[in-house]
There are 2 protein chains.
Amino acid sequence: MLTIGKLGEAAGVKVPTIRYYEQIGLLPEAERSSGNQRLYSRKALERLAFIRHARDLGFSLEAIRDLLSLSDKPDQSCAAADAIAKAQLAEVESRLARLTALKSELERMVVQCAGGKIADCRVIEVLGDHSLCSADHRHPEPEPN
Amino acid sequence: MLTIGKLGEAAGVKVPTIRYYEQIGLLPEAERSSGNQRLYSRKALERLAFIRHARDLGFSLEAIRDLLSLSDKPDQSCAAADAIAKAQLAEVESRLARLTALKSELERMVVQCAGGKIADCRVIEVLGDHSLCSADHRHPEPEPN
DNA sequence: CTTGAAGCTATAGTTGCTAGAGACATTAGG
DNA sequence: CCTAATGTCTCTAGCAACTATAGCTTCAAG
């Protein structure tokens with residue numbers, strides 16, 4: 001049995017985050033010691049590692065909740081899990097595309113800015129003039145991070 | 001003079017967001033009509049367009065605040081603006097690198113998931129087993145979006 | 001002159017945590 | 001065995017950057 005600190009260390013998750021996950025029902029309520037401290041089993045560690053890994057991959061807590069409830073029913077088809085992963089992949093790809101465009105625009109901004117005055121600054125100029133913008137980068141959804 | 005709705009439309013920013021920007025001091029307090037409604041000049045539109053464009057490029061509101069205060073002093077060196085843009089570029093590059101890694105991991109997950117049962121699902125399996133993970137993708141900073 | 005859209009303020013909710021206060025539990029050293 | 005240091009407990013509030021709701025007022029068109 002692990003205390004919350006050891007669990008956090010083992011899974012790479014901070015202690016308050018673990019308590020937060022319990023609070024929102026992503027982790028079951030932990031067993032308690034005689035002194036009311038949380039105690040965790042190896043299974044709990046696996047579940048937390050799963051969550052952490054999925055978070056690292058950019059899945060939202062909602063998506064993770066779905067994935068966890070799927071993994072509790074190992075006899076069903078994995079189509080639903082597949083769908084969640086595919087949606088996540090699509091989102092990652094769209095973010096990649098946007099970021100690539102941003103990168104080149106930022107590079108263009110930075111190149112010419114070696115010591116001039118603000119009045120001629122490319123950075124300020126580009127930001128101020130929407131028409132110089134290559135495309136309409138919009139933020140269609142909040143980033144799940 | 002534009003009403004807040006027209007301004008929002010022209011700049012591509014939602015009305016409550018404009019009021020929020022005013023509240024946090026990113027936009028100056030707007031003039032008011034006799035009936036207490038906000039009125040905006042062309043200059044205000046430019047400022048808002050600047051903000052929106054910078055947000056699209058992923059700058060935080062704090063960075064934008066700095067950029068705006070710089071652009072109010074056109075005789076100073078643009079080194080500071082340059083530095084802000086370079087920092088932003090570095091962050092975009094690091095996010096790009098992370099996302100690229102995530103994408104290939106997600107692709108690997110999704111490839112083999114065509115109709116099996118949850119018990120054999122690659123998605124669940126990969127998420128559950130940290131050791132299959134190519135590298136340590138951590139989220140060092142919150143994404144500014 | 002009426003009606004419906006657009007505006008106003010103020011407050012609360014969102015996501016995914018993080019930080020703080022003040023009290024109790026556990027553990028290592030003397 | 002006692003003490004000090006660390007760890008844990010609960011609870012609340014805060015962060016970014018908005019978004020949504022409620023209940024009101026004002027404006028513009030017909």
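Numbers restart at 1 for each chain; the letters A, B, ... are given by sequence-line order, proteins then strands.
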Atom pairs, protein N/O to nucleotides 28-30 of chain D N/O, distance under 3.5 Å:
none

Rounded off to whole Å, could you give me the [atom1]-to-[atom2] distance for the [X] and [N] pair?
{"X": "Glu62(B)", "N": "dC18(D)", "atom1": "CD", "atom2": "P", "result": "13 Å"}
{"X": "Lys6(B)", "N": "dA6(C)", "atom1": "NZ", "atom2": "P", "result": "8 Å"}
{"X": "Arg65(B)", "N": "dA16(D)", "atom1": "CZ", "atom2": "C1'", "result": "12 Å"}
{"X": "Tyr40(A)", "N": "dT8(D)", "atom1": "OH", "atom2": "P", "result": "10 Å"}
{"X": "Tyr20(A)", "N": "dC15(D)", "atom1": "OH", "atom2": "C1'", "result": "13 Å"}
{"X": "Glu22(B)", "N": "dT9(C)", "atom1": "CD", "atom2": "C1'", "result": "12 Å"}
{"X": "Gln23(A)", "N": "dA13(D)", "atom1": "CD", "atom2": "P", "result": "14 Å"}
{"X": "Leu26(B)", "N": "dA16(D)", "atom1": "CG", "atom2": "C1'", "result": "13 Å"}

Cationic N near anionic O, under 4.0 Å, [X] to [Y]:
{"X": "Arg65(B)", "Y": "Glu62(B)", "result": "yes"}
{"X": "Arg38(A)", "Y": "Glu22(A)", "result": "yes"}
{"X": "Glu107(A)", "Y": "Lys103(A)", "result": "yes"}

Heavy-atom check, side chain of [X] versus side chain of [Y], under 4.5 Å:
{"X": "Leu27(B)", "Y": "Ile51(B)", "value": "yes"}
{"X": "Gln37(A)", "Y": "Arg32(A)", "value": "no"}
{"X": "Leu70(B)", "Y": "Ile84(B)", "value": "yes"}
{"X": "Tyr40(A)", "Y": "Ile4(A)", "value": "yes"}

field: Nearest-neighbour nucleotide for the Leu61(B) side chain, dA17(D), dT18(C), dC17(C) considered
entry: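 Of the candidates, dA17(D) comes closest.
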task: Report the nucleotide, chosen from dT19(D), dA17(D), dT18(C), that has the shortest atom-to-atom distance to any side-chain atom of Ser60(B).
output: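 Nucleotide nearest to Ser60(B)'s side chain: dA17(D).
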query: Does dG16(C) have OP1 or OP2 sitting under 4.0 Å from an N or O in the side chain of Tyr21(A)?
result: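 The answer is no; no side-chain N or O of Tyr21(A) sits under 4.0 Å from OP1 or OP2.
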- request: Report yes if a side-chain nitrogen or oxygen of Arg32(A) is closer than 4.0 Å to either non-bridging phosphate oxygen (OP1 or OP2) of dT8(D); otherwise report no.
  value: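 No.
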Report, one pair per line, the protein and nucleotides 20-25 of chain C atoms (nitrogen or oxygen only) whose separation is under 3.5 Å.
unit_1  : atom_1 : unit_2   : atom_2 : d
dA25(C) : O4'    : Gln37(A) : NE2    : 3.4

query: Quick one: CG on Leu67(B) to OG on Ser60(B), what's the gap to the nearest 0.5 Å?
result: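 Rounded to the nearest 0.5 Å, the CG-OG separation comes out at 9.5 Å.
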message: Could you work out how much the helix from dC1(C)-dG30(D) to dG30(C)-dC1(D) bends, comparing the axis of its first five pairs with that of its last five, to 10°?
response: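 The value is 0°.
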field: Taking every non-hydrogen atom, the tightest pair across Leu61(A) and Tyr21(A)
entry: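 So the two residues come closest at CD2-CE2, 3.9 Å.
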field: Ala49(B) versus Ala11(B), closest heavy-atom pair with distance
entry: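 In terms of heavy atoms, the two residues are closest at N-CB, 4.5 Å.
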- request: On DNA chain C, check which nucleotide each of Lys14(A) and Arg19(B) is closest to and give me the residue with the more 5' one.
  value: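 So the residue in question is Arg19(B).
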field: Which residue lies more 5' along DNA chain C, comparing Pro16(A) with Thr3(B) via nearest heavy atoms
entry: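 That would be Thr3(B).
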query: Is there a donor-acceptor pair closer than 3.5 Å between any side-chain N or O of Arg47(B) and the backbone N or O of Leu26(B)?
result: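 Between the backbone of Leu26(B) and the side chain of Arg47(B) there is a qualifying donor-acceptor contact (under 3.5 Å).
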task: Please answer whether the main-chain N or O of Phe59(B) pairs with a side-chain N or O of Arg55(B) as donor and acceptor at a distance below 3.5 Å.
output: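 The answer is yes, because a donor-acceptor pair under 3.5 Å joins these two groups.
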query: Using a cut-off of 4.0 Å on non-hydrogen atoms, how would the nucleic acid contact of Arg38(A) be classed: base, sugar-phosphate, or nothing?
result: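 The residue Arg38(A) makes sugar-phosphate contact but no base contact.
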